[in-house]
Amino acid sequence: MGGPIESTRPATSDRAELPPLPGAVDGKVVLRLAPFPNGALHIGNARMLYVNDEYRRRYRGKLYLVFDDTIGSEEKRVDPAIFDVIQNDLVLAGVPPDDVFYKSDRIPRFYPWAVRVIERGAAYVCRCPAELLRKNRESGTACPERSQSLEETLEGWEKMLAGAFGPGEAVLRLRTDLADPDPAFRDRVLMRISDLEHPRVGRKYRVWPMLEFSWAVDDVELGLTHVLRGKDLVIEDRMEEFIWKLLGIQGPPFLHWGLLRLREAKIAKSKSFKEVKSGVYDGWSDPRTWSIDSLARRGIRAEALRRFTLSFGLSLSDIEVPAETLYAENRQLIDPTTARRAFVPDPVLVEVEGAPELGVIELPNHPDRPELGRREVVAAPPYWLPRAELERHAGEEIRLKDLLNLKLPLERIAGDATRLVARFTGRENKKLPRIQWVARESSIPVELLELDGSRRTGQGEGSLRSSAPGDVLQFERVGFVRLEDKWKPGTEPVLACFGHP
RNA sequence: GCUCCCGUAGUCUAGUCCGGCCAAGGAUUCGGCGCCUUCGACGCCGUAACCCGGGUUCAAAUCCCGGCGGGAGCACCA
């Protein structure tokens, strides 16, 4: 007896597991999400969300949302409306944070740290124009300020805080090594001066930390045990570690993953931002943004996004995945419980000569799941049929799915034709092209929002009248759709958003 | 140009740290068949990969060297 020894190979039929977190202690893990608040979360942020959340679950730890809302730049401004949008996105994504922090609330905390770094003799106040600073960095040239004494630096720092310098006139720089092989790492800026108005704290502060420095501080102050982030931020690791070493601090370890892009969604957040603001897009939930919100609108479940994202593990390769992979994940989740309905896009009215009276028939809600029940459908000509199919099968015999066969006239359908007469050929279930149909008698207009933002109009079966906003359905031979939240039952047309094939 | 990272089938991934059970597993896609009523699901079958060249070794996807290819960073942005 006993099971055969199949193979010692790891059972990879199950979903790939993320590797264990180094040094993680159950119940003690503290992680963070740090999106820049300039746009809704989108598919590119999903990896950050679910990898962090997965570890939080596994180790029963904490996950903080930390808004990286330092002052930014002219080009990269914080959008105050986005704070709520992001929090809402996290709820939609099924990744609620345990606590929320704003960097802009923490600015004074960075000042003493700056002093600590200065007192180690590892920083100086540089008054070079940005241009020159960059040039010197590239060539590895030291500017005169680099050799200033500790006292001079402290004095300069105090002057920065006191407002003696205008924006761009002075920065606090870390003294790394001008000969560092990585030019990007030479004497990076820690703190700078900005007069821009911050949406949350206004002009309360003039001296702002750079991202890396703020994290060197907050990853310690917030008690993070592990920092998980995209590998585009690896230089931040070095910076943080450099500062910790300088101050004799043991900081959390870093883990990374590569860039994840959806082939269909190469859009930049900034572009979406523009289109959302200008009203070209229908808000952040416009399918063209590929935001988390827009995916929810399309009936793509958070669980599908989670599985999709985690399937890539912590791989460091930069990848580009077709959306079809995400759709497959979602289909697996929703197909077994999703009711089928008829929807005829770009419909043409077709009379059927010699058709028997059928009245009202019953059809199953799902072809393989009788437990999902049945619905009543009126089966009486004339029928709405999809124009594209009528054109493709002109002169041929076709079958109205689940109903009857008919022969289409040979004539070509004029572009604006609205009526056609076909001939009944029988009810026998023959192997014929099958198309969806809706009897005019009980049809209801439907407007389907497509992924490119366009709207397709058509006729849906009468049973849609008893559907509710938020329902996910399959329009047979069209795809999975979700009825729009803004649709009010009892009104026409029914509003639906296309999900995926 | 400099720095770092990556390179397994069409796509993604497991395996690479600790060489042999990997003539390479899974998912998805694609093709065929079935389920006689979907361009969906399900079932079966099939196609298909270790970037290249050297080296070490009885043995290399796995270790070493050298190429090539791809990505990211080189902001007083995040």
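Lettering of chains follows the sequences in order, A, B, ..., and the numbering in each one begins at 1.
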* Please check the phosphate of C76(B) (OP1 and OP2 only) for any side-chain N or O of Arg134(A) closer than 4.0 Å. => yes
* Does Arg331(A) put a side-chain nitrogen or oxygen below 4.0 Å from OP1 or OP2 of U29(B)? -> yes
* To do: Assign Asp68(A) to base, sugar-phosphate, or nothing according to its heavy-atom contacts below 4.0 angstrom with the strands shown.
  => sugar-phosphate
* Ignoring hydrogens and angles, answer whether the base of U37(B) and the side-chain atoms of Arg399(A) contain a donor-acceptor pair closer than 3.5 Å. => yes
* Check for a donor-acceptor pair, side chain of Asn52(A) on one end and backbone N or O of Met48(A) on the other, with a separation under 3.5 Å. => yes
* So, do Phe83(A) and Tyr102(A) have ring centers that fall under 6.0 Å from each other? -> yes
* Please determine if a side-chain N or O atom of Ser315(A) lies less than 4.0 Å away from the OP1 or OP2 oxygen of U13(B). => yes
* Has the side chain of Asp368(A) got a donor or acceptor that lies under 3.5 Å from a partner of the other kind on the base of G40(B)? -> yes
* Side chain Glu324(A) and base A27(B) donor-acceptor under 3.5 Å -> no
* Asked: C39(B) base to Gln474(A) side chain: any donor-acceptor pair below 3.5 Å?
  -> no
* side-chain N/O Arg477(A) vs G40(B) OP1/OP2, d < 4.0 Å -> no
* To do: Indicate, with a heavy-atom threshold strictly under 4.0 Å, whether Val171(A) touches base, sugar-phosphate, or nothing.
  => base
* To do: Assign Glu428(A) to base, sugar-phosphate, or nothing according to its heavy-atom contacts below 4.0 angstrom with the strands shown.
  => nothing
* Asked: Across the strands shown, which category fits Leu432(A) at heavy-atom distances under 4.0 angstrom: base, sugar-phosphate, nothing?
  -> nothing
* Confirm from the modelled atom types if Arg340(A) and U38(B) form a donor-acceptor pair under 3.5 Å, side chain to base only. => yes
* Pick base, sugar-phosphate or nothing for Ile319(A), based on heavy-atom distances below 4.0 Å to the nucleic acid. => sugar-phosphate
* Can you tell which of Arg298(A), His500(A), Arg301(A) makes a side chain to side chain donor-acceptor pair (under 3.5 Å) with Asn330(A)? -> His500(A)
* To do: Please check if the side chain of Lys231(A) supplies one atom and the backbone of Leu316(A) the other of a donor-acceptor pair under 3.5 Å.
  => yes
